[in-house]
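Worksheet: the structure to be examined is printed underneath.
The model shown is predicted, which means the values in this text are computed figures rather than measured ones. Letters A, B, ... are given to chains in the order of the sequence lines, protein chains preceding strands, and every chain is numbered from 1.
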Protein chains: 2
Amino acid sequence: MSNTTLKTISTVLGISISTVSRALKNHPDISNKTKQRVSELANTLDYEPNANAIHLRTNKSNVFGLVVPGISNYFYHSFIASVEEESRRQQFSLMILQSGDDPEIEMLNLKLLRQNRVSGLFASVSNSNKQIDAYLKLKEADIPVIFFDKVPDIPGCNRICVGDAEAARLSANTILQKNKKHVLAIFGDENLLITKKRLAAFMQAIDGKINVTVVHANSAASAEALTLENLLFKPDTVFCMSDEILAGTMKAIQRNSLKVPDDIGIIAISNGFIPTLYHPEITFVETSGYKLGKLAFNSMMSCVKGSTFFHDLTTQPVLVEGGSL
Amino acid sequence: MSNTTLKTISTVLGISISTVSRALKNHPDISNKTKQRVSELANTLDYEPNANAIHLRTNKSNVFGLVVPGISNYFYHSFIASVEEESRRQQFSLMILQSGDDPEIEMLNLKLLRQNRVSGLFASVSNSNKQIDAYLKLKEADIPVIFFDKVPDIPGCNRICVGDAEAARLSANTILQKNKKHVLAIFGDENLLITKKRLAAFMQAIDGKINVTVVHANSAASAEALTLENLLFKPDTVFCMSDEILAGTMKAIQRNSLKVPDDIGIIAISNGFIPTLYHPEITFVETSGYKLGKLAFNSMMSCVKGSTFFHDLTTQPVLVEGGSL
DNA sequence: AATTTTACCGCAAACGATTGCGGTAATGTT
DNA sequence: AACATTACCGCAATCGTTTGCGGTAAAATT
C-alpha cells in the first residue's frame, strides 16, 4: 500500500475529489453520511494529506529553518529542543542546519532554506559581513529572520540574546551578599564580545567593595591551570563566566581535594546542566538556551503574523541556588 | 521582490516555461544564447527552484526524518550532528522531532513525517509495542526506517546500535585486568533491551571470577542513592552502564569525599563528555554517537538506493583510559 | 402545479516544476 | 527544386490539494 490521496478515496467511493476534500475538513456543504463514509475510508487507507501539495498551493511551508555553528553544544541544543517543542505545538516543522563556521556551507544552507521556502529562520551567525548580507536578503523576500546568541552588530534586525550584563551583575551581587571577600574571577577569551560585556558588568557591580582577581581562560584546560595557580592566594570564592570554565575549575578543585563550599565557594554563569553534576551542586546564574528558544519563537510568531516591529530582546537570568556558595 | 518562479523568467524573456526549465538544466535542446539569457536573469532575480513543487512532482521529498526522545542529550546530539553533516553532503534535509518519551507526541510526530513524505526515518524509540507498529507501517509505505540506539526487539528491521555487548565485555575485562575484586555494577532500567544486553555480556565476561553486586537505577538521582547505599559494603570499583548513571555515582563519590582511584575505582560506558569533567578523568568505554550516525546514514542511503537487505550493525567500542581505575 | 429554497455535490483553475511529444524554421543533401 | 535533417522551442499533462462558482435534485412554499 503506497500513498493514499484524495483521488484514491474519491474513485473508491465514486465521488469527486472536491467532495472528499471538503468532507475531511468538515465543510457544511457535505452531508453527514458522506462525511462518515469518507472519514472511515480515509482511516482504513491511512490517508495523510501531502504536505508538499498543500505548501505548494498555499505558498506557505510551515517550516522554520534553524542555523547554528554546531549542534553539539549544550547551549545550542537546549535552544533547539526548546524551539522544536514550540514549533511542534504550533504545527510547524523545523529544518536544522549547522554551518561549522564555514562561510561556504553557510551559503549552501541558505540556498537550501530558500528552496524549501521556509516560513522563517532562526540564525546564530559567525560574524562575517558577507554572510550577513545573505541573511538580510531573506528579509527582503519576506522571510523573517530571528538572530539569536551570536547576532550581527547592525540595527534593524531581530536579535534575541542572553542577558550577559545582567547575569554578571547578578553573580557579583550574590557574591557580595554572601559576604565573600576575595574572589577569583575567571573570564573567557578577552577578545570576545560576550567576555567584555560580562566582565564590565561584573566589575561595575563589585564596585571595588571586595578583592577581585581577574584572569582569562580560553579553554577548560587553561581554566583548570589558572585555578590551580590562583588557589595559592587563597580566594574564598571562584566565579566562572561559563560552563566550559566551570568544568576546568572544578577539576582543579577536585585535584586539590577542596571541600565546597567550606574551603572555597563556587558560582558560575551556566546553562544549567554542568552544575548539577557535582556535589554539592553548583550555585549558578542561569542563561538558559531553553528560555532563549521560547523567546525567539515568540518573536518569530509575531513576525509571521505580520509584525514589522523589530525585536531586540534579552533573557532575564535567574539565580539557581546550589550548595556551593 | 517576493518569489521568482520559472514563469516570472519566462514572461520577462518572452519564452515558454519549459524552455526556461530546460535552459537552467543545461538541456541540449536549448541554444547557448537562450541559456545565457535565462541564467543571467535567474541570477539577478535570485531564482531558487521551489522544493515543494519538485517534491510534489517527483513524489520524493529528499527529507529525512529523525526522531529521538530528546535532543538535549549528548549522545543524541552528537548523533544528530553526524547525520546532519552527511545529509547536507548528499543534498538531503533533516526534519528533527523529539518525542519526550510521550507516546501521544510520538504518534503526532509520525503523522507529521508521513505528511511530509519523508524519504526515510531515523528513529530511537521508547519501547512500547503500539508505537513500534506505527513505525512498521512506514516500512509498508516504502519509507525506509533505520532504528538506532533504542531499537525494537523484533527481527526484520534495520538496527544500528552501539556495540553494547562488546562495550560491556571490554569494561569487564578491563576491571579483571586491573585486578579488582569487588565491583558495584550499576545498570539502567532492567526492562530496557540495552540494559539486558550490557548486563548479560558484563556478567559473562566476569564469569564469576570476582564479586559483583548488580543494581538497577533509572535516573541519576537513583544512581546516586544506590551508590551511597552500596558504598557501605566497600566495593573497590564502581561500573556505570551509562553517562546518566555515572553522573549520579560521581555525586555520591564526592559526597563521601572518596579519593579516585585510591579509595575506589570508577569505570563507565560513556559517550565521552561527562568523564572529562572530573579529576582524575574517568576511564570509560566509548560508544560514539558520531560514529553511530555515520553508520546509520550509510545504512539509510543503501536503503534509499533500493537495498532490501536488512542491516543489523553495531559500532566497535573503544577503551579510553582516564585515571579513575 | 409552478416556483423558490435548501441540501449536496462536481468542474476547473491554480500553486511551480518537469517532460514526452510534436511543431516550425533554417540548414543541408541530392 | 524537392526532400531530409538539424536546431530550437512550445503545448499540455502531471504531481495532490484547495476553493469559487455553478449545477441538479429533492423538499418546501405559494
Side-chain angles (χ1 to χ4, degrees), chain A residues 1-39 41-42 45-63 91 111 114-119 141-142, chain B residues 1-39 41-42 45-63 91 111 114-119 141-142:
Chain A
M1 179 85 38
S2 63
N3 274 326
T4 308
T5 70
L6 292 183
K7 192 198 273 188
T8 321
I9 299 178
S10 80
T11 49
V12 171
L13 258 41
I15 57 181
S16 79
I17 294 178
S18 359
T19 302
V20 176
S21 173
R22 281 190 257 255
L24 288 172
K25 316 203 89 184
N26 205 23
H27 193 284
D29 264 11
I30 309 300
S31 70
N32 285 326
K33 198 176 60 181
T34 304
K35 282 178 186 170
Q36 180 76 18
R37 296 203 309 148
V38 167
S39 67
L41 187 58
L45 292 183
D46 279 324
Y47 170 75
E48 290 292 347
N50 186 320
N52 284 314
I54 296 175
H55 296 161
L56 173 60
R57 187 172 201 284
T58 60
N59 208 18
K60 271 290 158 193
S61 68
N62 272 32
V63 173
Q91 314 284 358
K111 179 180 272 209
R114 296 195 51 184
Q115 290 181 357
N116 282 84
R117 302 292 191 268
V118 290
S119 302
D142 282 325
Chain B
M1 180 83 41
S2 64
N3 273 324
T4 308
T5 69
L6 292 183
K7 190 199 273 188
T8 320
I9 299 178
S10 79
T11 49
V12 171
L13 259 42
I15 57 182
S16 79
I17 295 178
S18 356
T19 302
V20 177
S21 173
R22 283 190 255 256
L24 287 172
K25 317 204 86 181
N26 205 23
H27 192 286
D29 264 12
I30 309 300
S31 71
N32 286 326
K33 198 175 60 183
T34 304
K35 283 179 185 170
Q36 179 76 18
R37 296 203 309 149
V38 168
S39 68
L41 187 58
L45 291 184
D46 279 324
Y47 170 76
E48 291 290 347
N50 185 322
N52 284 314
I54 296 175
H55 296 160
L56 174 60
R57 188 170 201 284
T58 60
N59 209 18
K60 271 289 158 196
S61 68
N62 271 33
V63 173
Q91 314 283 357
K111 180 181 272 207
R114 296 193 52 184
Q115 290 181 358
N116 280 85
R117 302 293 191 268
V118 291
S119 302
D142 282 327

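- Applying the 4.0 Å criterion to OP1 and OP2 of C:dC9, one finds that A:Thr34 has a side-chain N or O inside that range.
- One atom, CG of A:Leu24, and another, P of D:dT17, lie 9 Å apart when rounded to the nearest Å.
- Counting heavy atoms from C-beta outward, B:Asp46 and A:Arg114 have side chains that approach closer than 4.5 Å.
- Counting to the nearest Å, the P atom of C:dG16 and the CG atom of A:Asn116 are 15 Å from each other.
- Set against D:dG10, D:dC8, C:dT18, the side chain of B:Thr19 has D:dG10 as its closest nucleotide.
- Between A:Leu24 and A:Leu6 the shortest side-chain heavy-atom distance falls below 4.5 Å.
- By the 4.5 Å heavy-atom criterion applied to side chains, B:Glu48 and A:Arg117 are counted as neighbours.
- Spacing between atom CG of B:Asn59 and atom C1' of D:dA13 amounts to 16 Å, rounded to whole angstrom units.
- Between D:dT18, C:dC9, C:dA17, one nucleotide has an atom nearer to the side chain of A:Ile54 than all others, and that is D:dT18.
- Relative to the side chain of B:Ser21, the nucleotides C:dT19, D:dT18, C:dG10 differ in distance, and C:dT19 lies closest.
- If B:Arg57 and B:Ser16 are placed on DNA chain D by their nearest nucleotide, the residue sitting closer to the 5' end is B:Ser16.
- Atom CG in B:Leu56 sits about 15 Å away from atom C1' in C:dT19, given to the nearest Å.
- With a 4.5 Å cut-off on side-chain heavy atoms, A:Asn116 and A:Ser61 do not count as touching.
- Judged by distance alone with a 3.5 Å cut-off, no donor-acceptor contact links the side chain of A:Arg117 to the base of C:dG16.
- Side chain of B:Arg22, nearest nucleotide from D:dT17, C:dG10, D:dC11: D:dC11.
- Closest-nucleotide positions on DNA chain D for B:Ile30 and A:Lys7 were compared, and the one nearer the 5' end corresponds to B:Ile30.
- The residue from A:Ile17, A:Val12, A:Thr11, A:Leu13 that alone fulfils the side-chain contact (heavy atoms from CB on, under 4.5 Å) condition with A:Ile15 is A:Leu13.
- A:Ile15 comes within contact range of the sugar-phosphate backbone alone, with a heavy-atom separation under 4.0 Å but no base atom that close.
- One can place CZ of A:Arg114 at 15 Å from C1' of C:dG16, the figure rounded to the nearest angstrom.
- Out of C:dC9, C:dT19, C:dG16, the shortest distance to the side chain of A:Asp29 is found at C:dC9.
- Residue B:Ile17 contributes atom CD1, which lies 11 Å from atom C1' of C:dC15 at whole-angstrom precision.
- Rounded to an integer number of Å, the gap from NE2 of B:His55 to C1' of C:dG16 is 12 Å.
- In the interface, the side chain of B:Ser18 is paired with the base of D:dC11 through a donor and an acceptor atom under 3.5 Å apart.
- When the P atom of C:dC8 is taken as reference, atom NZ of A:Lys35 falls 9 Å away, rounded to whole Å.
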